[in-house]
Protein chains: 2
Amino acid sequence: MTPSLDGILQQLECAEALEGLQTASVALRDHYNVAHIVYHWVSSSGQQYGCGTYSPEWVARYVEQAYLRVDPVVAGCYQKFHPVDWKRLDWSSKASRAFQKEAIEYGVGNQGFSIPIRGPNGQFALFTVNNDCSDEDWANFTETHRQHLIILSHAFNQKALELEPGRTPLAAQALSPREIDAMTLIAVGYSRAQVAVTLSISENTLRVYIESARHKLGALNTTHAVAKAIARGVIVV
Amino acid sequence: MTPSLDGILQQLECAEALEGLQTASVALRDHYNVAHIVYHWVSSSGQQYGCGTYSPEWVARYVEQAYLRVDPVVAGCYQKFHPVDWKRLDWSSKASRAFQKEAIEYGVGNQGFSIPIRGPNGQFALFTVNNDCSDEDWANFTETHRQHLIILSHAFNQKALELEPGRTPLAAQALSPREIDAMTLIAVGYSRAQVAVTLSISENTLRVYIESARHKLGALNTTHAVAKAIARGVIVV
DNA sequence: TTGCACCTCCCCTAAAATGGTGAGGGAGGT
DNA sequence: ACCTCCCTCACCATTTTAGGGGAGGTGCAA
């Protein structure tokens, strides 16, 4: 007996480890009667995680060959942020075709539908449903379940973020208003001279702000400080 | 008579301009019988757009005062990527409280629920539903409609992206692997000399990468390039 | 009152970054 | 085969930024 969607969502909400996502993937595969459900993401630290129903062999192969940099699904979805049917991706390059051929040999279906979700600090996740069927059947399937799949991708994503280790105590020291002004203008490409004129202060004063902000942010230099400020959302560009 | 949710979604799908989003916002407000529905986003170019049911006075005030940099909803959601209840944001600072007080004077409800969505190249959107009611009622509302609101945020977002002018030639601006290496190391505070050593190349070569990346990113200087690269998710720090 | 954090300004010198151009070899795609 | 993009290195002179110092004024809060 296949579990209900609500049941799976509820179960997902209670999950306390990666295994919970794994179990949910399997349950979803059975629920929808498709070939595969896969969820994988890249954390802010660049670490990759994944769960789903692909065969261990294919996963190992994928990781070993660093296919993340080849996979047109990843590359294509990275430029979008709404659901993407695999057919609409660019499979023209030689590497892509070889990759696809190999994937199918490892039991991956020919049809796919992936939902990218992007978080702050470069987090990027993909929720994928995969099957082996005709174009027409697949179009029907995605049309019918599109909304549920979006909800599911959110649920997976939320859970994944909760489980992510070291997801930032973030004890960020706040910058003063003037420091924020200064860093913001520096971040949009102004030179110190320009920023000083814009803020109607002397360049010497400006430097004090920049130095101060740099120390608060624990940065090694101005560029690093800007990078940290943006990554932490202290300033918005 | 209030339109059905499916009707609104369908109408949204057919929208051909910002007015379509505006109409949908109003329809949604009536459908859910809440105070406000607002959708606003920042494009990759930094341009702000918005639509919704806030009074024109409040919108004008918001823009004029550059409240985007004060609004705790924006600041809070910028660090997350799942729905956020306004109560869970940080309203402790004086500026935040003053902002909130003023917002309420302009007819904004005390309760809010915002769904952030982040696109490639630094696009960032917020779909907000706002109301004036008790904590309990609001908890019930958000609990009940959470999934639909997520779907709606996606629908708005997809439409907004379609409507965004000049929304294409970005994919061509991807950085080469070496450029990413260079920018990443610069972003974590290394000097050019250190980066050159780390990458085992001459500092001259390194500079070519930085310059190339700078041009691709349309940045005025290295710091600006790093800022853009991070904001767009081209590099992860 | 006495801190403390903020804003503002000034001095110094050495190190780093900036701007553009030329040029060779390699890999991939049409 | 040709073309384009990527990787690598080199040269030049100039501007900007880097790291510290010190010092006076405001306003808020314990």
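The basis for the numbers below is simple: all heavy atoms, side chains too, and nothing from hydrogens, waters or symmetry mates. What you see is a predicted model; the values in this text were computed from it and never measured.
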Worksheet item: Using the C1' atoms of five pairs at each end, what's the angle between the two axes of the helix from C:dT13-D:dA18 to C:dT30-D:dA1, to 10 degrees?
Response: 30°

Which of parallel (below 30°), tilted (30 to 60°) and perpendicular (above 60°) describes [X] and [Y]?
X: A:Trp91; Y: A:Trp86; result: tilted
X: B:His36; Y: B:Tyr54; result: perpendicular
X: B:Tyr49; Y: B:Trp41; result: parallel
X: B:Trp58; Y: B:Tyr67; result: tilted

Item to complete: Taking only the side-chain heavy atoms of A:Arg214 (C-beta and beyond), determine which of C:dG20, C:dG29, D:dG20 contains the nearest atom.
Response: D:dG20

Worksheet entry | Nucleotide nearest A:His215 when distance is taken to its side chain, options D:dT8, D:dG20, C:dC10 |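 Ranking D:dT8, D:dG20, C:dC10 by closest atom to the A:His215 side chain puts D:dG20 first.
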
Collect all protein-nucleotide pairs involving nucleotides 4-6 of chain D in which both atoms are nitrogen or oxygen and the distance is under 3.5 Å.
| residue | atom | partner | partner atom | Å |
| --- | --- | --- | --- | --- |
| D:dC6 | OP1 | B:Lys216 | NZ | 3.3 |

Is it the case that the side chains of [Y] and [X] hold a donor-acceptor pair, with the cut-off being a distance below 3.5 Å and no angle test?
X: A:Asp90; Y: A:Ser92; value: yes
X: A:Asp71; Y: A:Tyr62; value: yes
X: B:Thr223; Y: A:Thr223; value: yes
X: A:Asn131; Y: A:Tyr32; value: no
X: B:Asn157; Y: B:Gln123; value: no

Within the sub-3.5 Å range, which N or O atoms of nucleotides 21-27 of chain C have a protein N or O partner, and how far apart are they?
none

Discussion item. Run the salt bridge (Lys or Arg N to Asp or Glu O under 4.0 Å) test on B:Glu105 and B:Lys101 for me, step by step, so that the C-alpha distance in whole Å, both residues' side-chain angles and the decisive distance to 0.1 Å come before the verdict.
Written reply: CA-CA 6 Å; B:Glu105 281 167 12; B:Lys101 183 164 172 290; 3.2 Å; yes

Worksheet item: Would one find a side-chain N or O of B:Thr205 under 4.0 angstrom from OP1 or OP2 of D:dA10?
Response: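 Checking B:Thr205 against D:dA10: no side-chain N or O falls below 4.0 Å of OP1 or OP2.
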
Practice prompt. Determine, stepwise, if the pair A:Asp85 / A:Trp138 fulfils side chain to side chain donor-acceptor pair (under 3.5 Å).
Written response: CA-CA 9 Å; A:Asp85 194 296; A:Trp138 190 241; 3.2 Å; yes

For a quick test of reading the model, state the closest non-hydrogen atom pair linking [X] to [Y] and the distance between them.
X: B:Ala187; Y: B:Ile230; result: CB-CD1, 4.3 Å
X: A:Leu18; Y: A:Gly50; result: CD2-O, 4.2 Å
X: A:Leu89; Y: A:Val73; result: CD1-CA, 3.6 Å

Using a cut-off of under 3.5 Å, enumerate the N/O to N/O pairs linking the protein to nucleotides 11-15 of chain D.
none

Worksheet item: Hey, which of these two, A:Ser93 or A:Asn221, hits DNA chain C nearer its 5' end, going by closest nucleotide?
Response: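 Result of the comparison: A:Asn221.
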
Discussion item. Expected output is a numbered-order residue list: members of residues 189-197 of chain B with a heavy atom under 4.0 Å from any atom of DNA chain C. What is it?
Written reply: B:Ser191, B:Arg192

Worksheet item: For A:Leu206 and C:dC7, what is the distance between atoms CG and P respectively, to the nearest whole Å?
Response: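 These atoms are roughly 12 Å apart.
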
Fill in: d(CE, A:Met183; P, D:dT17) in whole Å
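Atom-to-atom, A:Met183 to D:dT17, this comes out as 13 Å.
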
Fill in: 4.5 Å side-chain heavy-atom contact, B:Arg118 and B:Tyr78
yes

Worksheet item: Which value, in whole Å, describes the distance between the C1' atoms of nucleotides D:dG24 and C:dT13?
Response: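 Comparing C1' positions in D:dG24 and C:dT13 gives a spacing of 25 Å.
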
Worksheet entry | D:dA23 to C:dA14 separation - P atoms, rounded to the nearest Å |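 Nearest-Å result for D:dA23 against C:dA14 at atom P: 23 Å.
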
Worksheet item: Ion pair present between B:Asp181 and B:Arg178, side-chain N to carboxylate O less than 4.0 angstrom?
Response: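 Salt bridge: yes.
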
Worksheet entry | Basic-acidic side-chain contact under 4.0 Å: B:Arg207, B:Glu203 | no

Fill in: Base versus backbone protein contacts along nucleotides 25-30 of chain D [heavy-atom cut-off under 4.0 Å; B, S, -]
------

Worksheet item: Base, sugar-phosphate alone, or nothing: which one does B:Leu220 contact when heavy atoms must sit under 4.0 Å apart?
Response: sugar-phosphate

Discussion item. I want to check a possible cation-pi pair here: B:Arg214 against B:Tyr209, using under 6.0 Å from ring centre and within 45° of the ring axis as the test.
Written reply: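 Because its charged atom misses either the 6.0 Å distance or the 45° angle limit, B:Arg214 does not stack over B:Tyr209.
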
